[in-house]
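What follows is a short report on a single structure.
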2 protein chains.
Amino acid sequence: MNSSRPVTIKDIARRFRCSPSTVSRALNDHPAINEDTRKNIQEYAKEVGYQRNEVSLSLLNKKTATLGVVVPTIGNYYETAVIEGLHTVLQPLGYTLNICVTNENYLLEKEYLSKLLSNRTEGIFLSVSQETYDSGYYEHLENVIQRKTPLIFIDREYEDFETSRATVDDYHGAFAAVEHLITIGYKNIAHLKGPNGLTVSEQRFKGYRDCLKKYGVSIREELIINTNFQVESAIVPTKRLLDLDSPPDAIFGVNDQVAIGAMRVILDRGLKIPGDIGIVGFDNSPISAYTYPSLTTISRPGRKIGMEASRLFLNQLNGSGDFVHENIVLPTELIIRESSLRIS
Amino acid sequence: MNSSRPVTIKDIARRFRCSPSTVSRALNDHPAINEDTRKNIQEYAKEVGYQRNEVSLSLLNKKTATLGVVVPTIGNYYETAVIEGLHTVLQPLGYTLNICVTNENYLLEKEYLSKLLSNRTEGIFLSVSQETYDSGYYEHLENVIQRKTPLIFIDREYEDFETSRATVDDYHGAFAAVEHLITIGYKNIAHLKGPNGLTVSEQRFKGYRDCLKKYGVSIREELIINTNFQVESAIVPTKRLLDLDSPPDAIFGVNDQVAIGAMRVILDRGLKIPGDIGIVGFDNSPISAYTYPSLTTISRPGRKIGMEASRLFLNQLNGSGDFVHENIVLPTELIIRESSLRIS
DNA sequence: AAAATTTTTTCAAACGTTTGCATTCGTTAT
DNA sequence: ATAACGAATGCAAACGTTTGAAAAAATTTT
């Protein structure tokens, strides 16, 4: 029933009592084909809904025009912005993006990479999963390198690979966030940190730490608590912060979600934002401008990252032997809104 | 440089002075292969990083184990939840999901569908784009049907196709939202509607309208204003609502984003939520529980939709001639939170 | 009408893999 | 020594398409 085989060039050839070559050339407007023949064949092809089998072409040309995008999640604004950026550049060039979501899972990531290679994907954009990062296994990446499939790291990266990378300057973004809080006059700045080990988390943490150092503020370990980027994961940590003998007067959240979660807990305690506690997030997600109070945050150019990553890929693809890998780091921007605007 | 051809079975065969058949069988643990031969070949294959060319296999078997997921956007919580649901069921079965984002664009949708067919995708999950819906063109879908590629509609649908569908019961969800507001005691309920023409928008609007009717509340056209689902798109409409001579005392937003935008505008005017104005959203996105005030909303089971859609696909795939298309409609649930909890 | 030329079509190989059937090789039984 | 057998391997075709070179057909020139 559902096994109505798609029409092939051979079918059409049989119908016109000619060779497949003729049909192929007719369909591709080859000049050496008789005008009538061409027209007849094209009409018939359209009529029966002929559609070129790209699989066979891929085999023949060793080109699949497919790129892999392997990301831990697509739930957040940032990732979808990156994908949009990739799409903007690569879709017009005829590439299909194969989006693979690893759910931070090492085995799934490994499987996806293997599959992408088997499917002769022409390039891979990778933001490694949390588990991969934790475990430190990276044989599955060796495989990609060995096959010389262009591999572009996005945000999360291994230090020890010779590849191109496109990352946001998380360090200076975080630094600017904390510096802003200090400038306003906040003294005890807590950090709701991302999961340990991830570049993103650690860079932002470093920015936080170094900024405090620069301003001669001693670091209080109890003001640094982990979250997992999700809004829920900020609830308990924030409560713990507020319950301290000497609670913080400002919180720097590793992203907007976490910052929003923290705000909610703070407001529930009857505290004022930014009066009692100042808040800064990270991402400049669309919602951050419309929370109550609106959220001061660090803008993270996801779309641009996607476009830069595309550029890196294209460079590598067209690159000669003396091609060198690039490491793009895009700047962030401090977006000041209500959640930190205490009159100092 | 980057043209180091992947190792093929033929290469291995040359190396061992045997035929490709032998190598193929050795790699696939065929019983008729000598134990030593098998071991040697397998070891060598691993050493040189041999990876089976799935493209050639696809051609041979006419199976690609690839499914297309064509959606207007992946920016919202709901869509990613759907994708997660699809993934949950289909990934373990060996399917690769090819996620295509149309950005509500007809031409892009058409191109993607054509490409998916050309690539011999074995099934397509489709949520049609706004433009497609508006224009009413659907030849690109005829093509899919003609080729008997299983096509499952998600949420947005054409009425006139013989296909399976998985949708959320938007109508009754909206109805319940408005009924809740009425029960609480709100009298003038506005609706920030989605874009005209989309099933999702229209169903929710109908639910809103019919609920008002049922309770004998006359519909005031000026209380119904369009948005585009984005948070920003709620700002101006909400201001317009508040500026009315007889402003509403409750707003039903077509989704959480819009509701959140509305809340922001209302709070900026110094009005109280839910005291002066009650708000209900739609989606139960993670953030909705943590806004201030937290948002009463309608939960929309995205993950479940994805899983149901997968089931529909599998049914159709394994179905016999007497297979009939299913039309799954999943129920919603009213999640009552602060934004509507006025003491009546 | 034959030769030269141009136009149009066909042939065959290639891409990488699998698989039914045939073949080869060594071993055992007669 | 030869037949019979089993184990291991090779052959060839197939999937659908493109493409250089060869062939055939149609047209023009002599």
Side-chain angles (χ1 to χ4, degrees), chain A residues 3-42 44-45 48-66 114-115 117-122 147, chain B residues 3-42 44-45 48-66 114-115 117-122 147:
Chain A
S3 63
S4 77
R5 194 173 50 77
V7 179
T8 73
I9 271 191
K10 285 187 190 172
D11 296 330
I12 302 180
R14 243 188 313 274
R15 160 73 173 68
F16 283 91
R17 285 182 230 288
C18 68
S19 74
S21 339
T22 303
V23 177
S24 170
R25 290 195 170 98
L27 292 173
N28 292 319
D29 289 323
H30 192 285
I33 292 293
N34 182 281
E35 185 59 18
D36 289 342
T37 317
R38 191 183 62 75
K39 212 184 288 176
N40 288 335
I41 289 181
Q42 287 192 356
Y44 180 75
V48 297
Y50 169 78
Q51 217 148 4
R52 166 133 129 279
N53 185 332
E54 293 289 345
V55 176
S56 77
L57 250 200
S58 292
L59 181 58
L60 189 60
N61 299 333
K62 298 161 179 252
K63 299 229 159 138
T64 54
T66 300
S114 162
K115 217 166 200 171
L117 288 184
S118 280
N119 287 329
R120 299 302 185 258
T121 297
E122 295 180 38
R147 275 274 295 280
Chain B
S3 62
S4 79
R5 194 172 52 76
V7 178
T8 73
I9 271 192
K10 286 186 188 173
D11 296 329
I12 302 180
R14 244 189 309 278
R15 159 73 174 66
F16 283 92
R17 285 184 230 290
C18 69
S19 75
S21 337
T22 303
V23 177
S24 171
R25 291 195 173 100
L27 292 174
N28 292 320
D29 290 323
H30 193 284
I33 293 293
N34 181 282
E35 185 62 17
D36 288 343
T37 318
R38 191 184 63 75
K39 213 185 287 176
N40 287 335
I41 290 181
Q42 287 193 356
Y44 180 76
V48 297
Y50 168 78
Q51 216 147 4
R52 164 132 129 281
N53 186 332
E54 292 289 345
V55 176
S56 77
L57 248 201
S58 293
L59 181 58
L60 188 60
N61 299 334
K62 298 161 177 251
K63 300 232 157 134
T64 55
T66 300
S114 160
K115 218 169 202 169
L117 287 185
S118 281
N119 287 329
R120 299 302 186 258
T121 298
E122 295 179 36
R147 274 275 295 280

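Residue numbers start from 1 in every chain, and the chains themselves are labelled A, B, ... in the order their sequence lines are given, proteins ahead of strands. Heavy-atom basis, side chains included; hydrogens, waters and symmetry copies ignored.
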Check every strand shown and say whether B:Thr37 touches a base, only sugar-phosphate, or nothing at a heavy-atom separation below 4.0 Å. sugar-phosphate
Looking at every strand, decide which applies to B:Leu57 at a 4.0 Å heavy-atom threshold: base, sugar-phosphate, or nothing. sugar-phosphate
Strictly distance-based, threshold 3.5 Å: is any side-chain N or O of A:Asn119 a donor or acceptor partner for the main-chain N or O of A:Lys115? yes
N-O pairing of A:Asp36 and A:Lys39 below 4.0 Å: no
Would you confirm whether A:Thr66, through its side chain, and A:Thr64, through its main-chain N or O, come within 3.5 Å as a donor-acceptor pair? yes
Quick one: B:Leu27 CG to C:dT19 C1', roughly how many Å, whole number? 15 Å
Over all strands shown, is A:Leu60 touching base, sugar-phosphate only, or nothing at heavy-atom distances under 4.0 angstrom? base
Can you say whether a donor on the side chain of A:Arg25 sits under 3.5 Å from an acceptor on the base of C:dT8, or the other way round? no
What is the minimum heavy-atom distance between B:Val23 and B:Cys18, and which atoms define it? CG2-SG, 3.7 Å
Short of 4.0 Å, heavy atom to strand atom, which residues of residues 14-24 of chain A count as contacting DNA chain C? A:Arg17, A:Cys18, A:Ser19, A:Ser21, A:Thr22
Taken to the nearest whole Å, NE2/B:His30 to C1'/C:dC21 is 12 Å
Using modelled atom types only, decide if a donor and an acceptor are shared between the side chain of B:Asn40 and the backbone of B:Thr37 within a distance under 3.5 Å. no
Quick one about B:Ser24 and B:Ser21 (side-chain donor to acceptor, distance below 3.5 Å, no hydrogens or angles considered), yes or no? no
Just how far, in rounded Å, is P of C:dA13 from NZ of B:Lys10? 12 Å
Checking all strands, does B:Asn28 fall into the base, sugar-phosphate, or nothing category for heavy-atom contacts under 4.0 angstrom? sugar-phosphate
Just by modelled atom types, is the A:Ala65 backbone N or O under 3.5 Å from a matching donor or acceptor in the A:Glu122 side chain? yes
Separation of A:Arg38 atom CZ from C:dT8 atom P, in whole Å? 12 Å
I need the CD1-C1' distance between A:Ile33 and C:dT10, as an integer number of Å. 10 Å
Please report the interatomic distance OG(A:Ser114) to CD(B:Gln51), rounded to the nearest 0.5 Å. 4.5 Å
Taking any atom closer than 4.0 angstrom to a non-hydrogen atom of chain A, what span of DNA chain D does the protein reach, first nucleotide to last? D:dC15 to D:dA21
Taking the nucleotide of DNA chain D with the closest heavy atom to each, which residue, B:Leu59 or B:Pro31, is nearer the 5' end? B:Pro31
If only atom types and distance count, is the side chain of B:Asn61 paired as donor or acceptor with the main-chain N or O of B:Lys63 below 3.5 Å? no
